[in-house]
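One structure below.
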Amino acid sequence: MESLREQFTNPAWAQKVIVHVTLTDAVTLKTLTGDANWLPTIAWFFDQVGESVERQGGDVSKYLNDGVVAAFPIDRAAEAINAAILVQERINEAQRENSYRCNCAIGVATGRAVQFPGGAAPTFIGPVADRAERLSDGANAGAIFVDEATVGAANMMMVFSTYGNVINREGSQYLAALEELPAEGAGVRIAYHEILWAAQSFGVRSRAVTKINTVASATAAPPAQPSERIAWQRGTVSTWLEDRGIGFLAGQNGDTYYLHEDNLCPGTGKPTRGDTVFFIGQPAHGHGRHPRALCALPMGAELTVTLTKVFAAFGFCVLSDARGTRQELFLDLGHGAQDRYRTGQELTVRIDENRRGPAGLVLDSTVTELSA
């Protein structure tokens, strides 16, 4: 009988789309619940992945302790993405019905792979399988990450999700902006798109973000304080429920953000539908939830602030919401600001914007030059 080493002497390479599905809460299921709970849940999960892959023309390669690996022909890259979407939709539906509760993250990668001989189903190995696993490992629960090769091979006009169909999303509209996972060991950084299959994106796992920050801190200057580093986002109030003190913002990135009145900067007043609001985005806390808008600042709001920095023509103050989120606000002070203002001084400003985000325009008419 020919040995595996002999079979791999001249391997048969094939272009494949590899889908790696990771059950993100497998350990929790097994350690915090009894066998009568986690065994049926994982069996149901395996069934959903298997049926979704088979429906889209792929094959399950192997079942893992905490996931499933499947393979598709390269001309079925769009179907591979649809299979991943179908898995997430079935999990989401089961959670709404409270029938099964589990979460998964999915990575999809395309490239040359070698078929591992033997076994009932073909198993493919190689860098493309490693890439799919890394994407799945870096993705947050609910997320689907696909590499650039998959996007290049897929007819994105064939990609479909239930929510996307409701809002007429199609083609490249299913792709979030290109991002990167950090290098691991001797590996390289992986460029990927998140598939926008639901009403919100799901992002990376916290440990992946930590790795990115670790890589950056090893090669760059010490990071600025969070209030200086986080960029403002801009959104429009789509809903505001005055009696409940909550609402939703339509972000420029396509996400819908949840806004609570405690996350409004004090003194700004309550927003109304159609208002422009600047805010700090916080990722969703769990599957099926919206990301949150923190330190929210409505356009046109007037408030009293305290100067923390003064420069030649501008300055900064620090804003905070009732839940402790802090963020710096740029203040347009005009030329000669260092002669007319000092740190610790209180000013009344109106919120406007410039090309970098919100800007506070001074309304005080009593500001005089400081004595020497």
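Since the model is a prediction, treat every value here as computed from it, not as a measurement.
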Between V53 and F72, is a side-chain contact (heavy atoms from CB on, under 4.5 Å) present by the stated rule, with each step listed?
CA-CA 9 Å; V53 167; F72 288 76; 3.9 Å; yes

Where the side chain of D275 meets the backbone of T272, is there a donor-acceptor pair that is under 3.5 Å apart?
yes

Do side-chain atoms of R131 reach the backbone of I18 as a donor and acceptor pair under 3.5 angstrom?
no

Side-chain heavy atoms of R134 within contact of D137, under 4.5 Å
no

Kindly indicate whether the side chain of F202, heavy atoms from C-beta on, has any atom under 4.5 Å from the side chain of W197.
yes

How far apart are the closest heavy atoms of R340 and Q345, and which atoms are they?
O-OE1, 4.0 Å

With the 4.5 Å side-chain cut-off for hydrophobic clustering, are L303 and F278 part of the same group?
yes

Determine whether F124 and L135 fall in the same hydrophobic cluster, where Ile, Leu, Val, Met, Phe, Trp and Tyr are linked whenever their side-chain heavy atoms lie under 4.5 Å apart.
no

Would you say T22's side chain and G67's backbone share a donor-acceptor pair under 3.5 angstrom?
no

Just by distance, do the side chain of Q95 and the backbone of C102 share a donor-acceptor pair under 3.5 Å?
yes

Check whether any side-chain heavy atom of Q233 lies under 4.5 Å from a side-chain heavy atom of Q252, and answer yes or no.
no

Donor-acceptor check, side chain of R55 to backbone of L86, threshold 3.5 angstrom: yes or no?
no

Gap separating the CD atom of Q327 from the OG atom of S320, nearest 0.5 angstrom
11.0 Å

In this structure, NE2 of H335 is separated from CG of L333 (nearest 0.5 Å) by 11.5 Å

Interatomic distance, CZ@R76 vs CD@Q56, rounded to 0.5 Å, equals 8.0 Å

Would V17 and Y174 show up in the same hydrophobic cluster when neighbours are defined by side-chain heavy atoms closer than 4.5 Å?
yes

Measure the shortest side-chain to side-chain distance between R90 and E51 over non-hydrogen atoms and say whether it is less than 4.5 angstrom.
yes

Nearest heavy-atom neighbours spanning G269 and P298
O-CG, 4.4 Å

Going from CG on L361 to CG on N354, what distance comes out if it is rounded to the nearest 0.5 angstrom?
9.0 Å

From CZ (R189) to CD (E180), nearest 0.5 Å
4.5 Å

Minimum heavy-atom distance V128-T110, with the two atoms named:
CG2-C, 3.4 Å

Where do S61 and T123 come nearest, in terms of heavy atoms and distance?
O-OG1, 3.5 Å

Please check if the number of heavy atoms outside E54 that lie under 6.0 Å from its CD is greater than 12.
no

Can you name the nearest heavy-atom pair linking M158 to N82, along with the distance?
O-ND2, 3.0 Å

Just checking, any donor-acceptor pair under 3.5 angstrom between side chains of D255 and S201?
yes

Using a 3.5 Å distance criterion without hydrogens, assess whether the side chain of D321 forms a donor-acceptor pair with backbone atoms of G324.
yes

Report the C-alpha separation of L347 and Y341 in whole Å, then their side-chain angles, then the decisive distance to 0.1 Å, and conclude whether the side-chain contact (heavy atoms from CB on, under 4.5 Å) test is met.
CA-CA 10 Å; L347 303 173; Y341 299 95; 3.6 Å; yes

Once ring pair (Phe, Tyr, Trp, His ring centres under 6.0 Å) is applied, what residue pairs with a partner in residues 143-171 remain, sequence neighbours excluded?
F145-Y192

Got a donor-acceptor contact below 3.5 angstrom from the Q88 side chain to the I85 backbone?
no

Do C295 and C265 have side chains that approach each other closer than 4.5 Å (heavy atoms only, starting at C-beta)?
yes

Start with the C-alpha gap between L23 and I42, add the side-chain angles, then the distance that decides, and say whether side-chain contact (heavy atoms from CB on, under 4.5 Å) holds.
CA-CA 9 Å; L23 193 61; I42 291 183; 3.8 Å; yes

Main-chain N/O of E328 paired with W232 side-chain donor or acceptor, under 3.5 Å
yes

Would you say V151 and H193 make side-chain contact, with heavy atoms under 4.5 Å?
yes

Indicate yes or no: at least one non-hydrogen side-chain atom of T306 is less than 4.5 angstrom from one of V318.
no

Rounded distance (nearest 0.5 Å) linking atom CD of E148 with atom CG of L178:
4.5 Å

Checking side chain to side chain contact (heavy atoms under 4.5 Å, CB included) between I195 and each of V108, T150, I106, I144, which is the one that passes?
I144

Is there a side-chain hydrogen bond (donor to acceptor under 3.5 Å, both in side chains) between T304 and E346? Walk through the geometry before answering.
CA-CA 7 Å; T304 300; E346 288 191 347; 5.9 Å; no

Using the ring centroid of each side chain, check whether F330 and F314 are separated by less than 6.0 Å.
yes

Polar side-chain atom of Q173 near backbone of E170 as donor-acceptor pair, under 3.5 Å
yes

Cluster question for you: counting only ILVMFWY and a side-chain heavy-atom cut-off of under 4.5 Å, with indirect links fine, are L264 and L319 together?
no

Sidechain-backbone polar pair: Y257 side chain, L294 backbone, donor-acceptor under 3.5 Å
no

Minimum heavy-atom separation for V87 and C104, please, with both atom names.
CG1-SG, 3.9 Å

Given Q15 and R112, is the side-chain contact (heavy atoms from CB on, under 4.5 Å) satisfied, shown in steps?
CA-CA 5 Å; Q15 293 285 347; R112 298 170 71 229; 3.1 Å; yes

Linking I/L/V/M/F/W/Y whenever their side-chain heavy atoms sit closer than 4.5 Å, directly or via other members, would V60 and F46 fall into one cluster?
yes

Do the ring planes of Y100 and W44 sit parallel (below 30°), tilted (30 to 60°) or perpendicular (above 60°)?
parallel

Under 3.5 Å donor-acceptor pairs involving side-chain atoms of residues 235-251, not counting sequence neighbours:
{"residue": "S238", "atom": "OG", "partner": "F248", "partner atom": "O", "Å": "3.1"}
{"residue": "W240", "atom": "NE1", "partner": "E242", "partner atom": "OE1", "Å": "3.0"}

Is R292 close to L259 at the side-chain level, that is, under 4.5 Å between some pair of heavy atoms?
no

